[in-house]
Novice: 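If you scroll down you'll find the structure; I have some questions about it.
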2 protein chains.
Amino acid sequence: MSFGDYIRQARLARQQTDKGYSLRQVAGRVGVEPAYLSKIERDVFPPPSEQMIVNLAADLGEDPDVLLALAGKLSSELREIIVRRPQLFAELIRQLKDAPDHAILRMVREVTDGDW
Amino acid sequence: MSFGDYIRQARLARQQTDKGYSLRQVAGRVGVEPAYLSKIERDVFPPPSEQMIVNLAADLGEDPDVLLALAGKLSSELREIIVRRPQLFAELIRQLKDAPDHAILRMVREVTDGDW
DNA sequence: TCATTTGTGTAGTGTTTAGTACACACTACA
DNA sequence: TGTAGTGTGTACTAAACACTACACAAATGA
């Protein structure tokens with residue numbers, strides 16, 4: 001699914017139960033022109049800036065990492081973490097490229113348990 | 001150390017023993033104008049494109065991930081891996097933000113040993 | 001029925017990115 | 001002593017990015 005499709009669906013879903021989710025109102029809260037959001041929802045324009053994606057995620061109650069990923073972007077927050085220790089993270093990520101989801105999840109839990 | 005400083009030093013180090021590492025020759029092999037490389041080495045211009053950084057790394061025998069990191073960038077290769085499974089990787093990376101190096105290294109080895 | 005609200009088409013714009021082109025002065029060296 | 005190679009200053013630019021401004025037709029709803 002494209003970025004545009006995704007946010008249009010998310011918005012329409014909200015609009016079912018909440019009148020405040022017209023394209024114009026969302027655009028207003030997010031801080032852009034309605035015509036611009038319209039084009040983005042229909043993939044006439046490419047996905048917007050990281051800031052606008054984050055704002056959209058907050059307004060629509062979606063996961064910003066997922067929305068950014070649909071836009072082919074990575075949050076600057078995560079980029080900065082990696083860039084601080086490029087070799088370490090580069091190797092880890094390459095190793096995990098083809099690992100199954102559960103293997104990665106297990107790592108997350110290992111670290112959560114803080115056993116270092 | 002800045003990106004410019006770093007590549008200038010790397011180039012000058014090579015130039016000690018190899019005449020083929022003048023600014024002009026490196027620029028030629030990498031595929032840019034000498035004046036441009038000159039400005040980059042002195043941080044008059046911001047770091048160049050990912051492609052040029054990768055070419056520079058290859059020519060100077062440096063680690064492309066490190067060079068990209070000095071430029072504040074992440075290779076599109078790594079970005080794509082993350083973007084394929086954004087939630088999983090986002091959580092892992094955030095968890096590892098403040099983990100000590102050896103903890104991350106241990107993870108790398110765990111995956112290398114392929115115990116999933 | 002008429003004012004409001006809705007989404008959308010067309011056109012234009014400021015900023016950033018990622019460079020090029022050319023001339024110049026200095027140094028090495030044959 | 002000239003010519004080949006060195007790095008650098010100034011000026012310019014093409015393309016991509018991230019939007020805005022305004023007008024318009026269709027639907028809604030009091």
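Because the structure is a prediction, the values reported are computed rather than measured. Any value given below was found using the heavy atoms of this structure, including those in side chains, with hydrogens, waters and symmetry copies removed. Throughout, protein chains are lettered first and strands after them, A, B, ... in sequence-line order, and every chain is numbered starting at 1.
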Novice: Chain B on DNA chain C: first and last contacting nucleotide, 5' to 3', under 4.0 Å to a heavy atom?
Specialist: C:dA18 to C:dC22

Novice: Could you check whether any side-chain N or O of A:Arg85 sits under 3.5 Å from a backbone N or O of B:Lys97, counting only pairs where one atom can act as donor and the other as acceptor?
Specialist: yes

Novice: Quick check on contacts: within residues 53-84 of chain B, what sits under 4.0 Å from DNA chain C by heavy-atom distance?
Specialist: B:Lys73

Novice: Do B:Gln87 and B:Glu91 make a side-chain contact, defined as non-hydrogen atoms from C-beta onward lying under 4.5 Å apart?
Specialist: no

Novice: Using atom types as modelled and distance alone, determine if a side-chain donor or acceptor of B:Arg14 lies under 3.5 Å from a backbone N or O of B:Leu60.
Specialist: yes

Novice: Is any side-chain heavy atom of A:Met52 less than 4.5 Å from a side-chain heavy atom of A:Val30?
Specialist: yes

Novice: For the residue pair A:Arg11 and A:Ile7, establish whether any side-chain heavy-atom pair is separated by less than 4.5 Å.
Specialist: no

Novice: Where along residues 31-51 of chain A does a heavy atom come under 4.0 Å from DNA chain C, residue by residue in number order?
Specialist: A:Pro34, A:Ala35, A:Ser38, A:Lys39, A:Arg42

Novice: Return the residues of residues 17-26 of chain A meeting this criterion: a heavy atom under 4.0 Å from some atom of DNA chain C. Order them by number, or give none.
Specialist: A:Ser22, A:Leu23, A:Arg24, A:Gln25

Novice: Is B:Phe3 close to B:Pro48 at the side-chain level, that is, under 4.5 Å between some pair of heavy atoms?
Specialist: yes

Novice: Ignoring hydrogens, what is the shortest heavy-atom contact between B:Ala71 and B:Ile53? Give both atom names and the distance.
Specialist: CB-CD1, 3.6 Å

Novice: Within 45 degrees of the ring normal and closer than 6.0 Å to the centroid, is that where the cationic atom of A:Arg29 sits relative to A:Tyr21?
Specialist: yes

Novice: Do A:Gln25 and A:Lys19 have side chains that get closer than 4.5 Å, going by heavy atoms?
Specialist: no

Novice: Please report how far the helix from C:dT1-D:dA30 to C:dA30-D:dT1 bends, comparing the axis fitted to its first five pairs with the axis fitted to its last five, to the nearest 10 degrees.
Specialist: 0°

Novice: Going by number, which of residues 1-14 of chain A have a non-hydrogen atom under 4.0 Å from DNA chain C?
Specialist: A:Arg8, A:Arg11

Novice: Between B:Val108 and A:Leu88, what is the shortest heavy-atom contact and its length?
Specialist: CG2-O, 4.4 Å

Novice: So, B:Asp65 side chain and A:Pro86 main chain: donor-acceptor pair closer than 3.5 Å or not?
Specialist: no

Novice: What heavy-atom pair brings B:Ala57 and B:Asp63 nearest, and what distance separates the two atoms?
Specialist: CB-C, 4.3 Å

Novice: Would you say that B:Ile93 contacts B:Ile82 through its side chain, given a criterion of any heavy-atom pair below 4.5 Å between the two side chains?
Specialist: yes

Novice: To the nearest 0.5 angstrom, please state how far the CG atom of B:Asp5 sits from the CD atom of B:Glu41.
Specialist: 10.0 Å

Novice: Does one side chain, of A:Ser75 or A:Glu50, offer a donor that lies under 3.5 Å from an acceptor on the other?
Specialist: no

